[in-house]
Amino acid sequence: MPIVPDTKDWTWVTRRPCPECGFDPDGVTPDRAGALIRGAIPRWRDALFRPDAGQRPGDDTWSALEYGAHVRDACRVFEGRLALMVAEDNPGFPDWDQDRAALVGAYAQADPHRVAEELEASAAAVAGAFEAVPREQWERRGLRSNGSAFTVHTLGAYFAHDVVHHLHDVGA
């Protein structure tokens, strides 16, 4: 059975705790999002170095390796979105089809050690980018193509949740 794309609107995680993974956005500001993202790296390395990292728990669920590659690429996408928000007024974010990225990027066939190294580097880069945004720019806005509006502040919480939630998904 193929992976069914996740079509849920997860923007609510910027306003209330996630009942699945326990992430609480309260107090997650851009300067704190970086520490949450960096803090997840050792857990991601552990998950990617497990002997079963490349095995899917079910036909319709990504493996830890696929989730790790997704988080690596999400770090790059969100670093780009953050850069747009800081550089432009109310930019629209380019669409990112994460399921297509998984197929084109051959996530399931990736080398887990390489994914771990790249995830660590891309996570450090996006964490540093959030931490570098001055407080007076935290309310700068950006828009997804579906109309969901983010500020730098809410984008940091939204993305930190993504990194943490996928650790929950892989049992790490």
When you measure from the side chain of Trp44 to the backbone N and O of Ala116, does any donor-acceptor pair fall under 3.5 Å? no
Shortest non-hydrogen contact between [X] and [Y], atoms and distance:
{"X": "Ala47", "Y": "Val170", "answer": "CB-CG2, 4.1 Å"}
{"X": "Thr151", "Y": "Glu139", "answer": "CG2-OE1, 3.5 Å"}
{"X": "Arg141", "Y": "Met85", "answer": "C-CE, 3.7 Å"}
{"X": "Leu84", "Y": "Gly92", "answer": "CD1-O, 4.0 Å"}

Can you confirm whether the side chains of His166 and Asp169 place a donor and an acceptor under 3.5 Å from each other? yes
Got [X] and [Y] here, is their nearest side-chain heavy-atom distance under 4.5 Å?
{"X": "Gln55", "Y": "Ser63", "result": "no"}
{"X": "Thr11", "Y": "Arg144", "result": "yes"}
{"X": "Leu155", "Y": "Phe130", "result": "yes"}
{"X": "Cys18", "Y": "Trp12", "result": "yes"}
{"X": "Gln137", "Y": "His153", "result": "no"}

Verify the neighbour count for atom CG of Asp89: are there more than 12 heavy atoms of other residues, nucleotides or ligands below 6.0 Å? no
Take a 6.0 Å sphere around CG of Asp26 and say whether it holds more than 12 heavy atoms from other residues, nucleotides or ligands. no
Validation row, ring centre His70 to ring centre Trp96 under 6.0 Å: yes
Ring centres of Phe49 and His113 under 6.0 Å apart? yes
Just say parallel, tilted or perpendicular for the rings of Phe78 and Phe159, cut-offs at 30° and 60°. parallel
Asp46/Arg43 ion pair, N-O < 4.0 Å: no
Is the shortest side-chain N to carboxylate O distance from Arg56 to Glu66 below 4.0 Å? yes
